[in-house]
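The next block holds one structure in the form of structure tokens; read it before the comments.
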Protein chains: 2
Amino acid sequence: MILSEKQKALIEKIGIMQERTGMQPVAGRIVGLLYVADKPELTFDEIREVLCISKSATSNALNMLQQLNRLDYITFSGDRKRYFRLKLNRWRELVTKEIDSITDFADILQEVVAERTSKTPEYNQNILEVADFLKYLHAELPKLLDRWENTRK
Amino acid sequence: MILSEKQKALIEKIGIMQERTGMQPVAGRIVGLLYVADKPELTFDEIREVLCISKSATSNALNMLQQLNRLDYITFSGDRKRYFRLKLNRWRELVTKEIDSITDFADILQEVVAERTSKTPEYNQNILEVADFLKYLHAELPKLLDRWENTRK
DNA sequence: CTCTTAGTTCAAAATTTACAGAACTAAATT
DNA sequence: AATTTAGTTCTGTAAATTTTGAACTAAGAG
């Protein structure tokens, strides 16, 4: 597999965006590669070769991305290779998971206010305001996703 | 200043959440401390002492947090100390900035599809779908913020 | 004018993380 | 049975990040 300069540039760009979500550079580039490659499914060795990375880095990153539900692979009988692909059709589940994690911070903020001195009512109120908005987001975002689905029909 | 065990635990919890957004441990703990401390404003040295960190780490983290618009400080005449505090009342601006950055990824995805082979229409369509949802989010989230503001009146 | 205070800057140490390389496993092929 | 293939796991190391400590600045106090 040979990549154009433009493809290489996009892989790096996507890679850096993914890094910002907390994944390591190699994993980010793998995601980028799967976005831009002409084939939607790539083998372990294709990935390893075009990205010039070691087998261990490839293996670790692929497994981690599967843990995160970003990837899976398909197989073909009579062929031992795995064909890795982005789980693009399942991105709604990732969105839902992100939405759910919003409550984590809201909960901590409420815990904070419960623990705080009552001598700073304005400050406490500010914190509760943030928590309230987060809860609102958590409740409303699924509806927003639904509404978007409806605009597509 | 003396902190309860509960407060210490909350600082670490908040710290770790902040780390996930890409800040260093010390900066995360400072944010946590300002959330839980009995006084909403703390001096450089109060922060340094309760968190047991060096002056340089304190200085760097405080300046970085100000860059990120998470903190500012107030002063009092006849007192050279700075009293650092969370910019809690300005969190809407941070939210707005986050919303704006959503388009970055949407734009890259459109660039990706423009560059992709046309031989994988279904795959390309999936990518465009994600991009479309991101654009939708970008357009709708400010309205959601407005609606939330209205529920508070 | 010297000393203290509040904070900054810079170099070096410590820690963490990412990655490569080699040895390994398990299945398939010869 | 030996070899090849596809991928994993483990250990060491290079690189990046975070933090410290010490020297420094600038302003106010004595």
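Below, chain A is the first sequence line, B the second, and so on; all start at residue 1.
- For Phe105(A), there are no ring-ring contact (aromatic ring centres under 6.0 Å, His included) partners two or more places apart in sequence or in a different chain.
- Partners of Gln7(A) under the side chain to side chain contact (heavy atoms under 4.5 Å, CB included) rule, at least two apart in sequence or in another chain, are Leu3(A), Ser4(A), Val36(A), Asp38(A).
- Note on ring orientation: taking the six-membered ring where Trp is involved, the planes of Phe133(A) and Trp91(B) are tilted (angle from 30° to 60°).
- Of the residues in residues 18-33 of chain B, those lying under 4.0 Å from DNA chain D by heavy-atom distance are Gln24(B), Pro25(B), Val26(B).
- Note on Glu41(A) versus Lys81(A): no salt bridge recorded, every NZ/NE/NH1/NH2 to OD/OE distance being 4.0 Å or above.
- Partners of Arg116(A) under the side chain to side chain contact (heavy atoms under 4.5 Å, CB included) rule, at least two apart in sequence or in another chain, are Val112(A), Thr120(A), Tyr123(A), Asn124(A), Ile127(A).
- The distance between atom CZ of Arg48(A) and atom P of dC19(C), rounded to the nearest whole Å, is 15 Å.
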Kindly list each side-chain donor-acceptor pair under 3.5 angstrom involving residues 11-18 of chain A, sequence neighbours excluded, with atom names and distances?
from: Glu12(A); atom 1: OE1; to: Arg29(A); atom 2: NE; distance (Å): 3.1
from: Glu12(A); atom 1: OE2; to: Arg29(A); atom 2: NE; distance (Å): 3.0
from: Lys13(A); atom 1: NZ; to: Glu111(B); atom 2: OE1; distance (Å): 3.4
from: Gln18(A); atom 1: OE1; to: Arg70(A); atom 2: NH1; distance (Å): 3.1

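- Residue Ile74(A) shares its hydrophobic cluster (ILVMFWY side chains chained together at separations under 4.5 Å) with Phe76(A), Tyr83(A).
- Here the side chains of Tyr35(A) and Leu88(A) are in contact, with some heavy-atom distance below 4.5 Å.
- Put simply, chain B comes within 4.0 Å of DNA chain D, heavy atom to any atom, from dT18(D) to dG28(D), going 5' to 3'.
- Near DNA chain C, meaning a heavy atom under 4.0 Å away, the residues from residues 65-82 of chain B are Arg80(B), Lys81(B), Arg82(B).
- Salt-bridge check for Arg152(A) with Glu149(A): failed, with every basic side-chain N at 4.0 Å or more from each acidic carboxylate O.
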Could you pull out every donor-acceptor pair under 3.5 Å between side chains of residues 136-144 of chain A and any protein atom, sequence neighbours left out?
from: His138(A); atom 1: NE2; to: Asp100(A); atom 2: OD1; distance (Å): 3.1
from: Glu140(A); atom 1: OE2; to: Lys143(A); atom 2: NZ; distance (Å): 3.0

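- Remark: Ser56(B), Ala57(B) in residues 55-63 of chain B come within less than 4.0 Å of DNA chain D through at least one heavy atom.
- Checking Thr43(A) against Cys52(B), the closest nucleotide of DNA chain D that is more toward the 5' end is the one next to Thr43(A).
- Side-chain contacts under 4.5 Å among hydrophobic residues (ILVMFWY), followed directly or transitively, place Leu94(A) with no other residue at all.
- Residues in residues 42-54 of chain B take part in these salt bridge (Lys or Arg N to Asp or Glu O under 4.0 Å) pairs, two or more places apart or across chains: Lys39(B)-Glu46(B), Asp45(B)-Arg48(B).
- Using a distance-only test at 3.5 Å, with no hydrogens or angles considered, a donor-acceptor pair links the side chain of Asn63(B) to the main chain of Ser59(B).
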